[in-house]
Visitor: 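Dumping the structure here so I can ask a few things about it.
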There are 2 protein chains.
Amino acid sequence: MGHPKGQETHHSRILDALLQKIVSGAWPPGFQLDRETDLAAQFCVSRMTMNKVLTQLAQDGYVVRRRRSGTFVAKARTQSAVMAINNVADEVAALGRRHRWRLDAREVRKLGAADLRLLGVRRASVPEDALSLSGVHFADDEPFCFEMRAINLHVVPGAQGVGFDREVPGSWLLQTMPWSTARNSVRAVNVHGRDAGRLDLPDGTACLEILRKTEIGGDWVTYARLLYPGEAFQLTAEFEPKAAQDGAAPETGG
Amino acid sequence: MGHPKGQETHHSRILDALLQKIVSGAWPPGFQLDRETDLAAQFCVSRMTMNKVLTQLAQDGYVVRRRRSGTFVAKARTQSAVMAINNVADEVAALGRRHRWRLDAREVRKLGAADLRLLGVRRASVPEDALSLSGVHFADDEPFCFEMRAINLHVVPGAQGVGFDREVPGSWLLQTMPWSTARNSVRAVNVHGRDAGRLDLPDGTACLEILRKTEIGGDWVTYARLLYPGEAFQLTAEFEPKAAQDGAAPETGG
DNA sequence: TAGTGGTCTAGACCACTCC
DNA sequence: GAGTGGTCTAGACCACTAG
């Protein structure tokens, strides 16, 4: 409920007041708020200002608004986690440790079935010419993450001219392809053989495996497989209450 | 860039137009937009409408706005994942499988040091009277998740009257304590002994361990430890580009 | 100190939907 | 048909900050 900086505006004052009613339970899920014009009068502001507040509450999922019926405290809820993920270099830096990247392999080729399986690709997304990379990220000279990656050279032709022995692939791509979207999946795996050796771990150690597919404009940009020693790394996420977008029946009955 | 429903408003039309310039790279990071009044004139709308659009772009992290200097396409970026997490019962249902909950233990007691360590509690947050629960979630009669949980009876006294042999703790809490916030951390662990047995897994199997602390108004509501067989479960998250909140230096040179 | 964004207003018209 | 939210305007004053 805190507003980071800037002085009190009507907007923030009213937002806090309404939010307090909602999260405290004084206005339970399903509760009908007064109409926009009445609330505006109660708080001595114009309807535009009150509308801005209520619109924001609706966007944040705290209330549901329906023409002709009114504004209701949201009912169906879910937990929504916002997890900031930069890239491995930034993760290491954020831990206050020194990051180093060691490139182990770099070649241009078409992706084979084995590559696709490892990278978690399901449909054969037309195995284009790809730059295939693998290497290890170190934190204070300790293996922190094994990375294998394919970069679509049809989408990012510039990658062919980059050595990636100094440039970290993830950081380079983030700068080169702004506004790309990614889909990640996270699971736990027992590492064996070469994967274990790459991270200097005993056979069978639990690791977090992140499979990441990055897209832009419908084309895949890069597939990445990141392997973190389970004990040394953890994802954290802040969860905030959020109303479900659908199924939020605004019945007053509760 | 699509707007789910509702007809074209000036707002959405302009938002799409500006967003297209940004994500397409026509306006690269650091690019200075025209001033609010000029953009309003160019799009033939009032300054208020244009302000609303630019404010939203700024809130979404696509641009950075500074008084007296202007509006700039954001530079420093990070990937921000929005991960919707309900509770185990919903997760199982979402997979199209039948959920069953088996309560294994239920007792009221103060939390000991061992409990706190297991639940990932660092500071001794005043071990209040707690309802301690543990049990297993099944998906189609297959162990899906082992859960151990402590509920703060000072914050949720009503929990004492609930058996939790039929009620699933997570679902019950979500309904009972709306608008609580949670902090999750995810890591991979090798399960041994009792933990392995609870999930019917061989010793040493990699599992995802989620430690969840739920708070409301500064008090802890519940600590939970959720253990998922690594192979059978994966977290997925959609990532969208987002500008970093700080450090977004609006230099035009960049 | 001048120029930019930040906020607010009073009023208006429109779209949707429950009755 | 009537009442609710959705959107938009023209104008105004204020706050911040780069120059």
Side-chain angles (χ1 to χ4, degrees), chain A residues 3-18 30-74 243 245 248-253, chain B residues 3-18 30-74 243 245-246 248-254:
Chain A
H3 292 276
K5 46 183 170 182
Q7 69 295 338
E8 271 239 325
T9 62
H10 289 168
H11 189 101
S12 67
R13 175 175 58 87
I14 298 169
L15 194 64
D16 285 352
L18 298 188
F31 177 88
Q32 178 169 13
L33 279 67
D34 290 340
R35 66 170 79 81
E36 216 174 75
T37 45
D38 287 354
L39 284 172
Q42 290 164 27
F43 283 97
C44 302
V45 295
S46 72
R47 190 189 151 210
M48 252 311 249
T49 302
M50 184 52 68
N51 177 276
K52 212 174 160 187
V53 172
L54 292 173
T55 298
Q56 181 166 347
L57 280 178
Q59 280 181 348
D60 292 347
Y62 289 101
V63 302
V64 175
R65 316 195 72 196
R66 290 210 182 161
R67 284 170 163 144
R68 170 71 199 183
S69 3
T71 303
F72 303 83
V73 175
Q245 297 301 340
E251 304 156 11
T252 47
Chain B
H3 292 276
K5 45 184 169 182
Q7 68 296 341
E8 268 238 327
T9 63
H10 288 167
H11 189 101
S12 67
R13 175 175 58 88
I14 297 169
L15 193 64
D16 285 352
L18 298 188
F31 178 87
Q32 178 168 13
L33 279 67
D34 290 339
R35 68 169 78 81
E36 216 174 76
T37 46
D38 288 354
L39 284 173
Q42 290 165 27
F43 283 97
C44 302
V45 295
S46 73
R47 191 189 151 211
M48 250 313 245
T49 301
M50 183 52 68
N51 177 277
K52 211 174 161 186
V53 171
L54 292 173
T55 298
Q56 180 166 347
L57 280 177
Q59 280 182 348
D60 292 347
Y62 289 101
V63 301
V64 175
R65 315 195 72 194
R66 290 211 182 161
R67 284 169 161 144
R68 168 70 200 185
S69 26
T71 303
F72 303 84
V73 176
Q245 297 300 340
D246 30 47
E251 303 155 14
T252 47

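Fair warning: this is a prediction, and the values are worked out from it, not measured in the lab.
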Visitor: By side chain to side chain donor-acceptor pair (under 3.5 Å), which residues pair with Arg35(B), not counting sequence neighbours?
Guide: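 Arg35(B) satisfies side chain to side chain donor-acceptor pair (under 3.5 Å) with Asp38(B) only.
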Visitor: What is the distance, rounded to the nearest whole Å, between atom CZ of Arg67(B) and atom P of dT4(C)?
Guide: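 Answer to the nearest Å: 14 Å.
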Visitor: For Val53(A) versus Leu18(A), what's the shortest heavy-atom pair and its separation?
Guide: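 For Val53(A) versus Leu18(A), the nearest heavy atoms are CG1-CD1, 4.0 Å.
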Visitor: Quick one: label Thr37(A) by what it contacts on the DNA or RNA (base, sugar-phosphate, nothing), any heavy atom closer than 4.0 Å.
Guide: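 Answer is nothing: Thr37(A) stays at 4.0 Å or more from every strand.
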Visitor: Both atom distances under 3.5 Å, Watson-Crick or G-U wobble: I'd like the secondary structure of DNA chain D as a dot-bracket string, with | for pairs made across strands.
Guide: ||||||||||||||||||.
Visitor: Minimum heavy-atom separation for Ser46(B) to Ala40(B), with atom names?
Guide: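 That closest heavy-atom pairing would be O-CB, 3.8 Å.
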Visitor: Using atom NE2 of His11(B) as one end and atom P of dT7(D) as the other, report the distance to the nearest whole Å.
Guide: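 Result: 8 Å.
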Visitor: If every non-hydrogen atom of Met50(B) is compared with every non-hydrogen atom of Glu36(B), which pair is closest and at what distance?
Guide: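 Taking every non-hydrogen atom into account, CG-O, 3.7 Å.
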Visitor: Would you kindly give the CZ-to-C1' distance between Arg65(B) and dC16(D), to the nearest whole Å?
Guide: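 Computing the Arg65(B):CZ to dC16(D):C1' distance gives 14 Å.
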Visitor: Rounded to whole angstroms, how far apart are CZ on Arg35(A) and P on dA2(D)?
Guide: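 After rounding, the gap between these two atoms is 16 Å.
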Visitor: Does one side chain, of Arg65(B) or Thr71(B), offer a donor that lies under 3.5 Å from an acceptor on the other?
Guide: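 There is such a pair between these side chains.
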Visitor: Taking all heavy atoms of Leu39(A) and all of Asp34(A), pick out the closest pair and write down the distance.
Guide: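 Between these two residues, the closest heavy atoms are CD1-O, 3.4 Å.
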Visitor: Could you report the tightest heavy-atom contact between Gly61(B) and Ala74(B), atom names first, then the distance?
Guide: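 Answer, listing the atom of Gly61(B) first, then Ala74(B): O-CB, 3.3 Å.
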Visitor: Side-chain N or O of Thr71(A) versus OP1/OP2 of dG5(D): is the shortest distance under 4.0 Å?
Guide: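 Checking dG5(D) against Thr71(A), a side-chain N or O does come within under 4.0 Å of OP1 or OP2.
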Visitor: Could you check how far CD of Gln56(A) sits from P of dG6(D), rounded to whole Å?
Guide: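 So the two atoms are 14 Å apart, to the nearest Å.
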Visitor: Detail all sub-3.5 Å separations between protein N/O atoms and N/O atoms belonging to nucleotides 10-12 of chain D.
Guide:
residue	atom	partner	partner atom	Å
dA12(D)	N6	Arg47(B)	NH1	3.0

Visitor: If you compare every side-chain N and O of Thr49(B) against the phosphate oxygens of dT9(D) (OP1, OP2), does one of them come in below 4.0 Å?
Guide: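 For dT9(D), OP1/OP2 do have a side-chain N/O of Thr49(B) under 4.0 Å.
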Visitor: Output the rounded distance in Å from CZ (Arg68(A)) to P (dC14(C)).
Guide: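 So the CZ-P distance, Arg68(A) to dC14(C), works out to 19 Å.
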Visitor: Could you state the CG-C1' distance from Asn51(B) to dT9(C), rounded to the nearest angstrom?
Guide: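 Roughly 14 Å, once rounded to whole Å.
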Visitor: State whether the side chain of Thr55(B) and the backbone N or O of Asn51(B) hold a donor-acceptor pair below 3.5 Å, judged by distance alone.
Guide: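 Pair found, side chain donor or acceptor close to backbone of Asn51(B).
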Visitor: On a heavy-atom basis, which atom in Gly30(A) and which in Phe72(A) lie closest, and how many Å separate them?
Guide: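 Looking at all heavy atoms of both residues, the closest pair is O-CD2, 3.6 Å.
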Visitor: For dT17(D), does OP1 or OP2 lie under 4.0 Å from any side-chain N or O of Ser69(B)?
Guide: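 Answer is no, no contact under 4.0 Å.
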Visitor: Between Glu36(A) (CD) and dT7(D) (C1'), how many Å, whole number?
Guide: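 Roughly 11 Å, once rounded to whole Å.
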